[in-house]
Structures are given as C-alpha cells and as structure tokens.
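Letters go in sequence order (proteins before strands), and every chain restarts at 1.
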Number of protein chains: 2
Amino acid sequence: MDIPIGELSRRTQVKVPTIRYYEQIGLLPEPARTEGQQRRYGSAEVMRLNFIRHARELGFEVEDIRELLALSADPDRPCADADAIARRHLVAVKRRIAQLKALRAELERMVEDCRHGRIGDCRVIEVLADHGQCRRDHTRAEPPRGRMSK
Amino acid sequence: MDIPIGELSRRTQVKVPTIRYYEQIGLLPEPARTEGQQRRYGSAEVMRLNFIRHARELGFEVEDIRELLALSADPDRPCADADAIARRHLVAVKRRIAQLKALRAELERMVEDCRHGRIGDCRVIEVLADHGQCRRDHTRAEPPRGRMSK
DNA sequence: TCTTGACCCTCTAGCGGCTGAAGGATGTAG
DNA sequence: CTACATCCTTCAGCCGCTAGAGGGTCAAGA
C-alpha cells in the first residue's frame, strides 16, 4: 500500500482536486511524499476518505465531519457527541424537507392553474408578481444557496 | 415615489447590498441618481424587486428569474415558456425532496440504533465508516452545495 | 539509456447568491 | 451649520468544491 493520489481517487470515488482540498482544510493529514514531492497514501487514508465521502453523501457539513473524525479516533469515549451531531443534522434535513414541500405545493398550484394562454393572463407570472395569491406562507422558506442538484 | 435604496429595502425585505448585487448582475435596471450619485427608485422597481424576491423564495435560480422577468414584460406572448420554467423547477424540487427523504431514512436508522455507549460501538460512527451498512443506495444523493438552511 | 505519455505538482480563479466591512461622501433635520 | 443616518464604491469572504495553466515526475517499453 503506497498508492498515488489518482489511485486513491479511484478507490474512494473522490476526485483528485477534492482530495487535495480536503488536505488543505485539514480533513486529511499531509501524506508521505516521494522524492519528487508526489503524494503517497496507505490504507488508513483510504478508510478515512471513505468515511468523509459517506458523511458528505449524508449531507453532513465539513465542520461536523471534522468532529466526527476526531470522535472516531477515540473509541472509549461515550458516543453522546456523535449522536448529537447526527440528531442535529437529522433535524436540519427534516426542516429542509418541510420547506421544500411547501414550495412544491405552491409550484404545483401555479402550474395547474395555468390556462396556457397569454403571458398577460398567466398564473405563473401573476402569482410571482403578487405574493398575496399564495395560500401558504413560504416567506420563511429560504432558498437554497447552492444549486438544487447537479 | 422617489425613494432611496434603504426605503426600497424596507418595502421589499431585500437587503441593501443584495439590491446593489441584483443591479450588478442585471436583474434590476440602473436607477436614476441624485446629483450626489445616490440611487432613487420608483414604484416600478418596488414591483420588480417583489417579483424577484418571491421567485427566489420559491427557489427559482437567477437565470430563471431573468427569463421570467423578460417574459412578463411581454403580455401578449403565449405563456408556454413561463410554464415550462415553472415545471422544470417543480421537477427539480421533487427530485431534491426524494433525495432528502433517503438521507432522512438513513439518519433515522443511525440515530435509533445508537445504544448510547462508547464511540467504539457507536452505530453513527460505524455506519459512516462502512457504506455497506446502509440499506438504501444514497450514493446518487449528492449533498447540498450551500448551507442546508440558515 | 532514452523516450514517451500518463500521471502528478502548485497556484490561482471561478461557481451561485449573496453578505459584510472599510473608508469616505451625501442628504436632511434641528 | 452641524450632527448623524444613510448612502457610495470596492473588495474580500462564505461553502464545497472544480477547472485550468504551466510545469515536473515516474514507470514501462524500445
């Protein structure tokens, strides 16, 4: 086990620049290097990076992952902290689902009411122009900062 | 109606730097200015900014909003284009809800199975370390790029 | 041994959609 | 005429990457 970054990338499905980025922000330790300054990794890094990837897939933020990694290094401590992080994240996911459902309802109403005529009569444009036409109050449903999906 | 940017901000609930940002990216037209270069707005801008804010609350991306604004300026054209934008967005919202539900299920399982003992036995850490423990395949459920909510 | 070419390096900038701060100018009420 | 709230421009930062430029290294085959 003395693999270059490309091989680590293949095994973990994490892109090469992302691996370097994780090193930069301290999620991955600085690895050994060859004489020519190329990174060489072992199986510990494969496991750690799989952990990170999996946590990201589950939507944990990097700061949470940092904590979870620190906790996992210390198997005798109580797992209340890890538990708390997961619960906190679960609450955030549930809240986000609720927000999106409110948006979905409003969008469905807009689209169903559209009589496919002129813009001047379009429900879509009309509703956007006048918030009073909404049944639900989604003013708290703050939009996603990043992109909705790929 | 000849209001400064702070008053526009108060009336639309859009923050001052955000208004200037919208001007910069061309969502809002360049307004009239006083001799001392301060922006002055009229009721058209209040309406336009309300439209933008409402569309953002519904999760439309800026590019979509740009198109919706262009369409709304032209009331005699058919509303098929506006309709299509809304439908496309609705599909994205539905997909995102489905992804988040898969995450929620996995997180609930992790948290419920936690026996509140040592980290070494913690389900939370265990599941993160070993993707094989997941029932569902959430590998396609790409994480949010921005923050989950405020 | 030399050459090829696939890989690797660092550095920097950009994505979306804002948000905040620095440092200074303006507008208005008293 | 002064005080001070508000305005201006400019730039940097947030998150979590991702891509590109411009070069260096490594290993296999001739």
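Computed from coordinates, the B:Ile5 CD1 to C:dG27 P distance equals 14 Å when rounded to whole Å.
The backbone N or O of B:Leu27 sits less than 3.5 Å from a side-chain atom of B:Arg48, completing a donor-acceptor pair. The main-chain N or O of A:Leu107 is never found under 3.5 Å from a side-chain atom of B:His89 such that the two would form a donor-acceptor pair. When atom types are taken as modelled, the side chain of B:Arg53 and the backbone of B:Thr12 share a donor-acceptor pair closer than 3.5 angstrom. Under the 3.5 Å distance criterion, the side-chain polar atoms of A:Arg123 are left unmatched by any main-chain donor or acceptor of A:Arg109.
Contact between the side-chain N/O atoms of B:Thr18 and the OP1/OP2 oxygens of C:dG17 is not found at any separation under 4.0 Å. One finds no side-chain N or O of A:Tyr22 lying less than 4.0 angstrom from the OP1 or OP2 phosphate oxygen of D:dG16. OP1 and OP2 of D:dT25 both lie 4.0 Å or more from every side-chain N or O belonging to A:Arg33. OP1 or OP2 of D:dC8 lies within a sub-4.0 Å distance of a side-chain N or O belonging to B:Arg39. Phosphate contact (OP1/OP2 of C:dT10, side-chain N/O of A:Arg20, threshold under 4.0 Å): absent. Distances shown here put every side-chain N or O of B:Thr34 at or beyond 4.0 Å from the OP1 or OP2 atom of C:dT26.
Looking at which nucleotide of DNA chain D each of B:Gln24 and B:Gly6 is closest to, the 5′-most match is held by B:Gly6. Nearer to the 5' terminus of DNA chain D, by closest-nucleotide assignment, is the contact made by B:Arg10 (compared with the other of B:Arg10 and A:Gln38).
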